[in-house]
Amino acid sequence: MKYQWIASLSALFIINAAHASTDITSREYKLLLDTDKFTYQSEASDVANYTVQLASVISQAINRNVSGNASLDKERFVSYWDVPNACTLRTLGYSFRDRVSRYDANDRDAALKFRSSDRFISAYEDLASNRSKAESKLEDDLLLGSDDDISIKVSHSTKISGYGKNINKIDDIYDDFPGFAAKYGVIDADTPLSRVGNITMYERRYKGQEIDLGQFDADLVVSLWYDNPAPLPGSKPIIAEASFDYADNQGEYTSKVVQRAQQAFLAMGKMSDWVKLDGITKTQFVYQYDSQFCSGQ
């Protein structure tokens, strides 16, 4: 049997998990925007309008510079994969996503992610990959809800660059993530995977602005997702998100940095004409897109 080695891998998983690093190497602040503020035909000017206002609001809030200008940085197709009628990965706290460049099918990555409110639970999930072009990180995802309520989820993820598989079944994850196979190998390897919500998103990402937080600069990003690979001029995105992030491989963030970041984030949330304070992530939105995908009803 192909996965007879799972028992021995399980013992190795326990050893590796016990020594997993719990350092948060990245922090990303995410805020959903009102999609009615953006239209495909005027997208660039809409983003410019928002980001100019955003830079001013953040600069005033933290008394630091926001430099640069937002410009279209990436165009790619994004899909999330799970077991239809069950959403087994989501039940386990996981998501599996692939992204491919609109202009180069070889420019593709896939990422397996586990998310928990407990940093140690996330850190001890074994997401190591046997692929040479794999990178892992432990990251804070900070979300803003109403009443200035900031919630934090800790994501442990591994991204494989140059991904070339046709995704069809759980075995595709087992092949690339032996730690996942060791722990969850009771799931039949032939269990099918389908696109969550039966949808592929067309992402247009704007980048170029930086927030001076002192010890670190944070990259500001605006991501617009459409449910059509060729939007009509009057089309509006189904997801609009503003975010910023900063990273330190040692996980050593000063008090001033995290306080400035929080002040900047709260200031973003006060832009009531633009924000949508649902306190959810893009992944959550995709899973809500088709209510029947997980239940089959």
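Numbers here simply count residues along the sequence, with the first being 1. Keep in mind the model is a prediction, meaning the values are calculated, not measured.
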Q: State whether E139 and K137 are salt-bridged, where the test is any N-O pair (Lys NZ or Arg NE/NH1/NH2 against Asp/Glu carboxylate O) under 4.0 Å.
A: yes

Q.
Show every disulfide bond (SG atoms under 2.5 Å apart) that has at least one partner inside residues 37-115, sequence neighbours left out.
A. C87-C294

Q) Which salt bridge (charged side-chain N to carboxylate O under 4.0 Å, His left out) pairs, counting each pair once, include a residue from residues 231-247, with sequence neighbours left out? A) E241-K282

Q.
As a quick check of understanding, evaluate side-chain hydrogen bond (donor to acceptor under 3.5 Å, both in side chains) for Y253 and Q215, giving each step before the final call.
A. CA-CA 8 Å; Y253 309 105; Q215 180 189 17; over 6 Å; no

Q. When rounded to the nearest 0.5 angstrom, what distance separates OG in S79 from CD1 in I167?
A. 7.5 Å

Q. Could you state the interatomic distance from CG (L31) to CH2 (W274), rounded to the nearest 0.5 Å?
A. 12.5 Å

**Q.** Side-chain (N65) to main-chain (S67) donor-acceptor, under 3.5 angstrom
**A.** no

**Q.** Test salt bridge (charged side-chain N to carboxylate O under 4.0 Å, His left out) applied to D149 - qualifying residues, sequence neighbours left out
**A.** none

(Q) With a 3.5 Å distance limit and no angle check, can you tell me whether N168 reaches the backbone of N166 through a side-chain donor-acceptor pair? (A) yes

Q | Partner set under salt bridge (charged side-chain N to carboxylate O under 4.0 Å, His left out) for E43, not counting sequence neighbours | A | R204

Q. Which pairs with one or both residues in residues 191-275 pass disulfide bond (SG atoms under 2.5 Å apart), sequence neighbours excluded?
A. none

Q. Between L220 and V66, is any pair of side-chain heavy atoms under 4.5 Å apart?
A. yes

**Q.** Sidechain-backbone polar pair: D118 side chain, F120 backbone, donor-acceptor under 3.5 Å
**A.** yes

Q.
Any salt bridge linking K183 with D126? Criterion: basic side-chain nitrogen under 4.0 Å from a carboxylate oxygen.
A. no

Q.
Please check this pair: side chain of R260 against backbone of L213, looking for a donor-acceptor N/O pair closer than 3.5 Å.
A. yes

Q | Residue pairs passing the disulfide bond (SG atoms under 2.5 Å apart) test where at least one lies in residues 183-227, sequence neighbours excluded | A | none

Q. With distance as the sole test, does D82 use its side chain to make a donor-acceptor pair with the main-chain N or O of T88 at under 3.5 Å?
A. yes

**Q.** Main-chain N/O of D248 paired with T25 side-chain donor or acceptor, under 3.5 Å
**A.** no

Q | L54 CG to N49 CG distance, which is reported to the nearest 0.5 Å | A | 11.0 Å

Q) Any donor and acceptor pair, going by atom type alone, linking the side chain of Q209 with main-chain N or O of T51 inside 3.5 Å? A) yes

Q | Results of ring pair (Phe, Tyr, Trp, His ring centres under 6.0 Å) for Y94 - residues two or more places apart only | A | F114, F180, Y184

Q: Report yes if the side chains of I239 and T35 come closer than 4.5 Å at any heavy-atom pair, otherwise no.
A: no

Q.
Is the shortest side-chain heavy-atom distance between L89 and I170 below 4.5 Å?
A. yes

Q: Name all residues meeting the salt bridge (charged side-chain N to carboxylate O under 4.0 Å, His left out) criterion together with R90; count only those two or more places apart in sequence or in a different chain, and write none if there are none.
A: none

Q) Of all heavy-atom pairs between A123 and T22, which one has the smallest distance, and what is that distance? A) CB-CG2, 3.7 Å

(Q) Let me confirm one number: the CZ-OH distance from R131 to Y163, rounded to the nearest 0.5 Å. (A) 8.0 Å

Q. Considering all heavy atoms of both residues, which atom of A261 and which atom of Y29 are nearest to each other, and what is their separation?
A. CB-OH, 3.3 Å

Q. Ignoring hydrogens and geometry, is there a side-chain-to-backbone donor-acceptor pair from D46 to T39 under 3.5 Å?
A. yes

Q) With sequence neighbours excluded, what pairs up with K165 under the salt bridge (charged side-chain N to carboxylate O under 4.0 Å, His left out) test? A) D175, D176

Q) Is a side-chain donor or acceptor of Q288 paired with a backbone partner of F285 at a separation under 3.5 angstrom? A) no

Q: Identify, with sequence neighbours excluded, every residue that meets side-chain contact (heavy atoms from CB on, under 4.5 Å) alongside S161.
A: K133, K159

Q. When rounded to the nearest 0.5 angstrom, what distance separates CZ in R64 from OG in S59?
A. 10.5 Å

Q. Sub-3.5 Å donor-acceptor pair from the side chain of S56 to the main-chain atoms of Q53, do we have one?
A. no

Q.
Could you report the tightest heavy-atom contact between M268 and A242, atom names first, then the distance?
A. CE-CB, 3.9 Å

Q.
Does this structure show an ion pair linking R115 with D141, if we count only N-O contacts that are shorter than 4.0 Å?
A. yes

Q | Heavy-atom closest contact (P178 atom, A128 atom, distance) | A | CD-O, 3.6 Å

Q: Determine, stepwise, if the pair D109 / R97 fulfils salt bridge (charged side-chain N to carboxylate O under 4.0 Å, His left out).
A: CA-CA 8 Å; D109 65 63; R97 178 209 70 207; 3.6 Å; yes

Q: Evaluate the ring planes of F216 and Y246, with Trp represented by its six-membered ring, and classify them as parallel (under 30°), tilted (30 to 60°) or perpendicular (over 60°).
A: parallel

**Q.** Interatomic spacing from CG in L33 to OG in S243 - rounded to 0.5 Å
**A.** 9.5 Å

Q | Test side-chain hydrogen bond (donor to acceptor under 3.5 Å, both in side chains) applied to D140 and R119, R27, K153, the passing residue | A | R27

Q) With sequence neighbours excluded, what pairs up with F96 under the ring pair (Phe, Tyr, Trp, His ring centres under 6.0 Å) test? A) none

Q: Identify the two heavy atoms, one from H156 and one from S122, that lie closest to each other, and give their separation to 0.1 Å.
A: ND1-O, 2.8 Å

Q) What pairs of residues pass the disulfide bond (SG atoms under 2.5 Å apart) test when at least one of them lies in residues 124-188, not counting sequence neighbours? A) none

Q: Could you check Y287 against F293 for ring-ring contact (aromatic ring centres under 6.0 Å, His included), going step by step and ending with a plain yes or no?
A: CA-CA 8 Å; Y287 270 89; F293 179 81; 7.1 Å; no

Q.
Is it the case that the side chains of S71 and Y206 hold a donor-acceptor pair, with the cut-off being a distance below 3.5 Å and no angle test?
A. no

**Q.** Side chain to side chain, V57 and K270, heavy atoms closer than 4.5 Å
**A.** no

Q) Quick one: do V222 and L72 end up in the same hydrophobic cluster if we chain Ile, Leu, Val, Met, Phe, Trp and Tyr together by side-chain heavy atoms under 4.5 Å apart? A) yes

**Q.** Heavy-atom check, side chain of L143 versus side chain of I150, under 4.5 Å
**A.** no

**Q.** Close side-chain approach of Y226 and P231, heavy atoms under 4.5 Å
**A.** yes

Q: Answer whether the closest heavy-atom distance between the side chains of Q263 and L266 falls below 4.5 Å.
A: no

(Q) Ignoring hydrogens, what is the shortest heavy-atom contact between Y289 and G197? Give both atom names and the distance. (A) CD2-O, 4.1 Å

Q | Pair Y202, R102: side-chain N/O donor-acceptor within cut-off below 3.5 Å | A | yes

Q | Residue pair I160 / F177, side-chain heavy-atom distance below 4.5 Å | A | yes

